[in-house]
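Atom set for the values below is all heavy atoms of this structure, side chains included, hydrogens, waters and symmetry mates excluded. No experiment lies behind these values; they were computed from the predicted model shown.
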Amino acid sequence: MADLQQLQVQKAVDSAVKSLERENIQKMLMFWYSCCEDSREAMRQVHQCIERCHAPLAQTQLKKFQGCLAQCTMHCSDKAKDLIDAGNRGFQVKWQLETCVTKYVDDHMHLIPTMTEKISYPLGN
């Protein structure tokens, strides 16, 4: 079940990134061009420039999102440990853990569009 939730999140994030790239490619190119001081730079240097300009923002947003999911997973794990300590059976604990993780993942899926907007903001959206 947790694997299914992880796959669901990964697909949603991948889709958001592809949509961001597809809808904003011209704006992204202009943003990166303005960021790079010397347009005569070698392609490798242009890629490094792009990374300097935009990658930190995207990475920051993704790290925040991953951090939220990690905190949720820790919370669910702590609840499962408490259930085990209280003498609950393994299948009950597993069900509670899966239910908890599923709830948090479902709740956080709604944050992906907001994260995408924050990443696209410097592009003039």
Side-chain angles (χ1 to χ4, degrees):
M1 186 72 135
D3 290 337
L4 180 62
Q5 295 301 316
Q6 183 178 3
L7 183 62
Q8 180 184 8
V9 169
Q10 187 62 48
K11 283 183 178 181
V13 170
D14 288 347
S15 175
V17 169
K18 286 178 184 175
S19 174
L20 178 67
E21 290 173 348
R22 184 177 52 251
E23 293 171 9
N24 295 293
I25 193 72
Q26 186 174 9
K27 291 177 184 177
M28 292 169 100
L29 290 172
M30 293 302 292
F31 176 77
W32 294 328
Y33 180 78
S34 67
C35 178
C36 298
E37 296 169 2
D38 185 0
S39 62
R40 297 169 294 174
E41 293 183 37
M43 187 56 86
R44 182 178 58 77
Q45 291 170 316
V46 171
H47 284 286
Q48 289 173 345
C49 173
I50 291 168
E51 287 297 315
R52 278 193 320 269
C53 289
H54 197 215
L57 176 63
Q59 289 172 352
T60 299
Q61 292 302 317
L62 289 172
K63 282 182 183 179
K64 284 182 184 178
F65 183 74
Q66 289 171 334
C68 287
L69 289 177
Q71 286 178 340
C72 294
T73 302
M74 292 282 288
H75 173 77
C76 293
S77 294
D78 289 345
K79 285 177 70 173
K81 288 176 188 173
D82 291 344
L83 290 171
I84 290 171
D85 291 344
N88 286 299
R89 298 178 187 252
F91 71 90
Q92 292 171 322
V93 174
K94 183 178 178 184
W95 180 81
Q96 287 284 357
L97 179 62
E98 289 179 355
T99 301
C100 182
V101 169
T102 299
K103 178 192 177 304
Y104 277 114
V105 167
D106 290 346
D107 289 347
H108 282 75
M109 293 293 287
H110 301 289
L111 298 176
I112 293 174
T114 302
M115 179 180 63
T116 304
E117 287 176 23
K118 287 179 181 179
I119 292 170
S120 68
Y121 177 75
L123 303 174
N125 283 346

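Taken to the nearest 0.5 Å, the CH2 atom of Trp95 stands 11.5 Å off from the CG atom of Asn88. Taking NE2 from His108 and CD from Gln8, the interatomic distance works out to 13.0 Å, rounded to the nearest 0.5 Å. Expressed to the nearest 0.5 Å, how far NZ of Lys81 lies from CG of Leu97 amounts to 10.5 Å.
Annotation for Ile112 and Val9: closest pair CD1-O, 4.4 Å, computed over non-hydrogen atoms. When all heavy atoms of Thr114 and His110 are compared, the closest pair comes out as OG1-O, 4.4 Å.
Residues forming a side-chain hydrogen bond (donor to acceptor under 3.5 Å, both in side chains) with Asp107 (at least two apart in sequence, or on another chain): Lys103.
Between Cys100 and Cys76, the two SG sulfurs come within 2.5 Å of each other, short of that mark.
Two residues are said to be in side-chain contact when any heavy atoms from C-beta on lie closer than 4.5 Å; Thr73 and Tyr104 fail this criterion. Under the 4.5 Å side-chain criterion, counting only non-hydrogen atoms from C-beta, Gln96 is not in contact with Gln92.
Linking Ile, Leu, Val, Met, Phe, Trp and Tyr whenever their side-chain heavy atoms come within less than 4.5 Å leaves Ile84 and Val101 in two separate clusters.
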